[in-house]
Amino acid sequence: MATVQEKLLVLVALQDLDIMIRECDDKTHTDKLTAMGFTQEGREDLEEARKELVGTIDKALVNRYERTAKRLGRAIVPITGNICLGCFTIIPTSYTSSENRDKIMQCENCGRMFYWPKGS
Amino acid sequence: MSHEELFTLFSKDLFIPELKAKNRDGVLEEMVDQAVEAGVIRDRDVILGMLKNRESLGSTGLGEGVAFPHGRSLAIPTLMALFARSSKGIDYGAIDGKPVKLFFMFIAPPIEKENRYLPALGQVVELIRDETSREELMGVKTFEDFQKIILGGE
Ligand SMILES: [Zn+2]
């Protein structure tokens with residue numbers, strides 16, 4: 001069974017992938033890359049990779065991620081210092097105490113989930 | 001973007017004059033590990049996964065022995081560029097099937113205020129179209145050599 005931190009890292013990877021898929025659908029973006037010479041034909045492979053990734057964590061968490069992403073664009077942000085990098089409000093210090101690392105914490109102000117980058 | 005500005009994205013810590021890896025995934029790992037060591041990325045595996053996904057969308061090996069692995073990730077706080085060279089060349093699945101000897105890796109955060117990511121990438125792609133620059137880069141041994149080539153193209 002994956003730890004909370006491992007699950008959160010899956011969400012980080014999922015969000016990176018969703019950004020990539022969104023960029024594939026953004027003509028301004030793809031036009032720029034095509035002009036440079038890059039091919040972008042494997043969108044289905046990204047969808048496939050997404051399915052695989054989603055299959056590694058519980059559905060409730062995926063749903064929570066998707067609901068937040070739909071509302072805010074980014075559903076998960078790293079904790080660095082005491083400011084939410086999603087909405088730039090201050091995070092109470094009790095939040096970032098080590099005893100909370102086995103819980104999924106979210107910003108009280110915007111609702112984005114937090115993850116602890118490695119080495120933090 | 002000026003060449004000086006472009007050059008500020010690179011650093012000595014993010015410069016690999018001779019890659020040890022022998023295949024595509026190995027090269028991506030070696031470059032990402034170098035970035036981990038330099039302390040510029042937050043989570044190795046997330047970055048690696050993102051770069052591999054980007055390659056499955058379409059090889060970033062644009063031909064003539066050069067590849068530009070790139071993408072956005074939450075696991076990096078600011079835009080970074082890394083240069084790596086393999087004198088033997090690596091089978092990277094490039095568009096023209098030729099082995100890749102020069103690698104320019106660009107990783108950007110999801111949101112980047114200065115918006116330098118695609119301009120920087122475009123600038124290097126442009127530089128590399130020039131055969132002389134390519135040949136000079138193939139012979140690069142030190143970061144100072146590299147600097148001269150990047151800045152000299154103005
Ligand atoms: Zn917030």
Side-chain angles (χ1 to χ4, degrees), chain A residues 5-6 8-26 28-50 52-53 56 69 72-81 85-86 88 112-120, chain B residues 32 36-64 66-78 93-96 104 106-113 115 117-129:
Chain A
Q5 288 314 307
E6 283 164 354
L8 288 169
L9 275 181
V10 172
L11 291 187
V12 172
L14 185 60
Q15 183 164 276
D16 282 358
L17 193 48
D18 280 344
I19 290 171
M20 204 182 286
I21 293 172
R22 230 179 290 150
E23 282 183 342
C24 276
D25 298 334
D26 172 358
T28 323
H29 180 86
T30 54
D31 280 354
K32 280 182 191 160
L33 286 171
T34 306
M36 292 180 211
F38 292 103
T39 55
Q40 303 144 88
E41 288 152 353
R43 196 187 184 285
E44 308 85 64
D45 295 336
L46 297 187
E47 293 286 356
E48 206 48 52
R50 191 182 196 281
E52 253 174 62
L53 208 51
T56 62
L72 299 167
R74 283 176 307 152
I76 184 162
V77 290
I79 288 203
T80 57
L85 291 180
F88 301 103
R112 288 183 178 92
M113 290 179 267
F114 292 133
Y115 94 102
W116 280 270
K118 265 186 202 135
S120 70
Chain B
V32 171
V36 171
E37 206 152 298
V40 295
I41 65 175
R42 295 185 176 121
D43 287 280
R44 174 189 188 269
D45 296 348
V46 170
I47 298 273
L48 260 181
M50 181 280 290
L51 291 170
K52 286 177 187 174
N53 283 329
R54 176 60 189 89
E55 293 301 328
S56 73
L57 178 62
S59 177
T60 65
L62 293 192
E64 300 297 340
V66 195
F68 304 86
H70 65 267
R72 291 189 191 273
S73 177
L74 192 64
I76 191 155
T78 49
I95 294 170
D96 62 359
F104 289 90
F106 286 88
I107 305 173
I111 295 171
E112 196 217 346
K113 262 190 242 132
N115 201 18
Y117 166 48
L118 289 186
L121 183 61
Q123 185 113 17
V124 177
V125 170
E126 194 57 46
L127 174 80
I128 242 45
R129 289 214 174 103

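The structure presented is a predicted model; accordingly, all values stated were derived computationally and were not measured.
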Item to complete: With sequence neighbours left out, write down each residue that passes side-chain hydrogen bond (donor to acceptor under 3.5 Å, both in side chains) with A:T34, or none if nothing qualifies.
Response: A:Q40
Discussion item. I'd like to know if B:K52 pairs up with B:E55 as an ion pair, taking the criterion as any Lys NZ or Arg NE/NH1/NH2 lying under 4.0 Å from an Asp or Glu carboxylate oxygen.
Written reply: no
Discussion item. For A:M36, which atoms come within 4.5 Å of any heavy atom of chain B: side chain, backbone, both, or neither?
Written reply: both
Discussion item. Please verify the inter-ring angle class for B:F68 with B:F104; under 30° counts as parallel, over 60° as perpendicular, anything in between as tilted.
Written reply: parallel
Discussion item. Is B:I47 in contact with chain A via its backbone, its side chain, both, or neither, using a 4.5 Å heavy-atom distance?
Written reply: neither
Worksheet entry | When B:G122, B:S59, B:S56 are compared by non-hydrogen pairs under 4.5 Å with chain A, the top option | B:S56
Response to the item:
Sequence neighbours excluded, the answer for side-chain hydrogen bond (donor to acceptor under 3.5 Å, both in side chains) partners of A:D18 is A:R50, A:Y65
Practice prompt. Against chain A, label B:I41 side chain, backbone, both or neither, depending on which of its atoms sit under 4.5 Å from a heavy atom there.
Written response: neither
Practice prompt. Carefully, step by step, assess A:Y115 and A:I79 under the rule side chain to side chain contact (heavy atoms under 4.5 Å, CB included).
Written response: CA-CA 6 Å; A:Y115 94 102; A:I79 288 203; over 6 Å; no
Worksheet entry | Toward chain A, the part of B:L74 with a non-hydrogen atom under 4.5 Å | both
Worksheet item: What part of A:V10 lies closer than 4.5 angstrom to a heavy atom of chain B: side chain, backbone, both or neither?
Response: neither
Worksheet item: Which bit of A:E44 comes within less than 4.5 Å of chain B, counting heavy atoms only: side chain, backbone, both or neither?
Response: neither
Worksheet item: Where does A:L17 contact chain B at under 4.5 Å (heavy atoms): side chain, backbone, both or neither?
Response: side chain
Practice prompt. Quick one: which of B:E126, B:R72, B:R129 has the most heavy-atom pairs under 4.5 Å with chain A, could you say?
Written response: B:R72
Worksheet item: Does A:E23 reach the side chain of A:L33, with side-chain heavy atoms less than 4.5 Å apart?
Response: no
Discussion item. What I'd like to find out is whether the side chain of B:I95 reaches to under 4.5 Å of the side chain of B:L62, using heavy atoms alone.
Written reply: yes
